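Keep in mind that what you see is a predicted model, and the values were worked out from it rather than measured.
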Amino acid sequence: MDAAFIAGAARAGTSGQSGEVINPANGEVVQTYEYAGPAEVDGAVGAARNAFKEWSSAAPVERSEVLRKLADRMQARTEEYVAAETQQTGKPLRLSREFDVPGSIDNAAFFAGAARNLEGKAAAEWDGAHTSIIRREPIGVVGSIAPWNYPLQMAMWKMLPAAAAGNTIVLKPAEITPITTLMLAEDCIAAGMPAGVVNVVAGAGPVAGEALMSHPDVNMVSFTGSTAVGKRVMELATADVKRVHLELGGKAPFVVFDDADLEAAVQGAAAGALINTGQDCTAATRAYVQRPLYEAFVEQVSDLFAQIVIGDPLDESTDIGPLISRRQQERVAGFVERARQDGAKVRAGGQIPGGALASGAYYPATVITDAAQSSEIVQSEVFGPVLVVLPFDSDDEGLALANDTPYGLAASAWSKDVFRTLRAQREIQAGCVWINDHIPIVSEMPHGGYKQSGFGKDMSTYSFEEYTQVKHVSMDITAEAKKGWHRTIFSEK
Ligand code: NAD
């Protein structure tokens, strides 16, 4: 497999380092390839630079048309995308088919429309002597890095608003999940996008990733991944003051007040915690349940987690597939083991399964109680199918606990009392707060973090704030040689 797609053509990597794409459901090698390195990054940035003038000056309707055709093209190839996404990530076919791929197509359709709605504010004569115009202009070449949990969708979230606004892009997928991003680059060309507008370099984070983030011809970096790497990206961007957009980790609280619909909250906790085998930055990870409902919630959610079907992602009856890799399986098991040693109780799951599942990176749906708020399992991102449940007494305490981590990406609150939900949505520090649900997203609404979950928005027209810069044009309307304000500088001459 070629690691790169540059100026409309596939190119082999020349980094000298090879890697594998492994199907985590069975350990089989799907692809072996030489990673892209600094030479490919340089070529891709050059191609994006060359394509910028034509793409940025195209009429919005032309960019819109390409994105609309991209959506159609992806729609026609849905099953190929579904199969490739499931093979490289191990996510259940049901999730790829009903969430990842249709969500990505809908994102493309949304930005096809949004591309025609980019505008500055209306003109006016604020001082009576000048007409002001606000222009929204693209930034230039955008270097984007995506993670492995939703490879196609994250690539789309980065690429679409940037391209719709007239930027050109170099995308680096996670080196373990490059396949659907490379398919996307081909489909951009098939949809009529000029060569060089979207380029892909699949390579190692510290090599291709750092080369891209620090490339002097890249004007903006947008990154989705862990908070630790996000900090590094920010450092790299300082050298030439690149614009930075960071979508980082999360540790979403799930606050259940004592008047909540218990059945809905239990169902919601399972769906919210287990989507994508818990490898979701917005996944419900900390359920805080008000004391009167606590015991019943723990019992019912533990029963439900024990019934979750774990297995082959290709089987339609599978609820959760494997984690992304053996490494991630060890990482998740390590978190649960350390929590146990710290005195927490495991109410469901908590053991790497054997038997037929031993050949994949499986980890079961796990419920943990009796953990301290300050403990690692409550504070750090596990990125696996693990829900911690903790009790609280007063509403004040529940909301304070919800806010007590460095993250602020997403949260939910569960109650039938409108005033409680109004207070919760106001006080929870997160970029998204769901009320009586957890997870649903739409292309029209922004996604992005507070606190150490990053800054900047994906999806929605808010993402144009990131991928455009505002220019004020001020035009004299007096036609006078000696303008009134000149007397401030020099007296009448
Ligand atoms: P990661 O930070 O390890 O890797 C993300 C990407 O960064 C990969 O492409 C990787 O190759 C690259 N990378 C690694 N080191 C790098 C370096 N030194 N310089 C440049 N690039 C480098 O994250 P991951 O394990 O792939 O993904 C999981 C993380 O992503 C979780 O923390 C999750 O919360 C986060 N995430 C956030 C969002 C969001 O919207 N906020 C969405 C999805 C995932």
Given 3.5 Å as the limit, does a donor-acceptor pair link the side chain of [X] with the main chain of [Y], or not?
X    : Y    : result
Q153 : V101 : no
Q267 : E263 : no
T227 : L248 : no
D280 : I275 : no
R243 : E466 : yes
E80  : R77  : no
N276 : G278 : no

Are any non-hydrogen side-chain atoms of [X] and [Y] less than 4.5 angstrom apart?
X    : Y    : value
S302 : V298 : yes
T78  : I105 : yes
Q379 : D404 : yes
C432 : H447 : no
M156 : M459 : no
Q290 : D259 : no
S222 : S144 : yes
V218 : V221 : yes

Work out which heavy atom in [X] is nearest to a heavy atom in [Y]; give both atom names and the distance.
X    : Y    : value
A252 : A283 : CB-O, 3.2 Å
V332 : F383 : CG2-O, 3.8 Å
Q328 : I324 : CB-CG2, 3.7 Å
R116 : S64  : CD-OG, 3.4 Å
Y363 : Q351 : OH-N, 4.0 Å
T86  : S96  : OG1-OG, 2.7 Å

- Query: Are F254 and H438 close enough that their ring centers fall under 6.0 Å?
  - Reply: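 Ring centres of H438 and F254 closer than 6.0 Å.
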- Message: Centroid separation under 6.0 Å, is that true for the rings of F257 and W414?
- Response: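 Aromatic pair excluded; centres sit 6.0 Å or further apart.
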- Within a reach of under 6.0 Å around CZ of F455, are more than 12 heavy atoms found that belong to other residues, nucleotides or ligands?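 Check passes, neighbour count above 12.
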- Assess whether atom CZ of F99 is packed by more than 12 heavy atoms of other residues, nucleotides or ligands within 6.0 Å.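 Enclosed: over 12 neighbouring heavy atoms sit under 6.0 Å from CZ of F99.
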- Worked verdict on W157 versus F111 for ring-ring contact (aromatic ring centres under 6.0 Å, His included): CA-CA 10 Å; W157 286 15; F111 278 105; over 10 Å; no
- Task: Dump the intermediate steps for side-chain contact (heavy atoms from CB on, under 4.5 Å) on Q31 and Q88, then the final yes or no.
- Result: CA-CA 9 Å; Q31 289 284 353; Q88 67 177 353; over 6 Å; no
Using a strict 4.0 Å threshold on nitrogen-to-oxygen distance, state whether [X] and [Y] make a salt bridge.
X    : Y    : result
D258 : R291 : no
R73  : D187 : yes
E316 : R97  : yes
R327 : E330 : no
R340 : D342 : no

- Task: Output, in order, the C-alpha distance, side-chain angles, deciding distance and verdict of side-chain contact (heavy atoms from CB on, under 4.5 Å) for V207 and Y35.
- Result: CA-CA 9 Å; V207 181; Y35 289 158; over 6 Å; no
- Message: My understanding is that only one of V389, D370, T366, D303 makes a side-chain contact (heavy atoms from CB on, under 4.5 Å) with R347; could you say which?
- Response: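 Running side-chain contact (heavy atoms from CB on, under 4.5 Å) over V389, D370, T366, D303 with R347 returns exactly one hit, D370.
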- Query: Looking at L390, I377, V255, T405, which hits side-chain contact (heavy atoms from CB on, under 4.5 Å) with R286?
  - Reply: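 Of L390, I377, V255, T405, side-chain contact (heavy atoms from CB on, under 4.5 Å) with R286 is met by T405 alone.
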- Task: Could you tell me the separation between the OG atom of S412 and the CD atom of Q425, rounded to the nearest 0.5 Å?
- Result: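 Those atoms lie 13.5 Å apart.
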- Query: Step by step, would you call R94 with T318 a side-chain contact (heavy atoms from CB on, under 4.5 Å)?
  - Reply: CA-CA 8 Å; R94 239 189 307 141; T318 291; 5.5 Å; no
- In sequence, state the C-alpha distance, the side-chain angles, and the governing distance for Y294 and F392, and then conclude on side-chain contact (heavy atoms from CB on, under 4.5 Å). CA-CA 8 Å; Y294 177 73; F392 69 92; over 6 Å; no
- Query: Quick one: side chain to side chain contact (heavy atoms under 4.5 Å, CB included) partners of E376, sequence neighbours excluded?
  - Reply: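 Residues passing side chain to side chain contact (heavy atoms under 4.5 Å, CB included) with E376: F335, R338, S380.
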- Task: For salt bridge (charged side-chain N to carboxylate O under 4.0 Å, His left out), just list the numbers for R423 and D396, CA-CA rounded to whole Å, side-chain angles, deciding distance to a tenth of an Å, and then say yes or no.
- Result: CA-CA 10 Å; R423 180 179 173 200; D396 285 352; 2.6 Å; yes
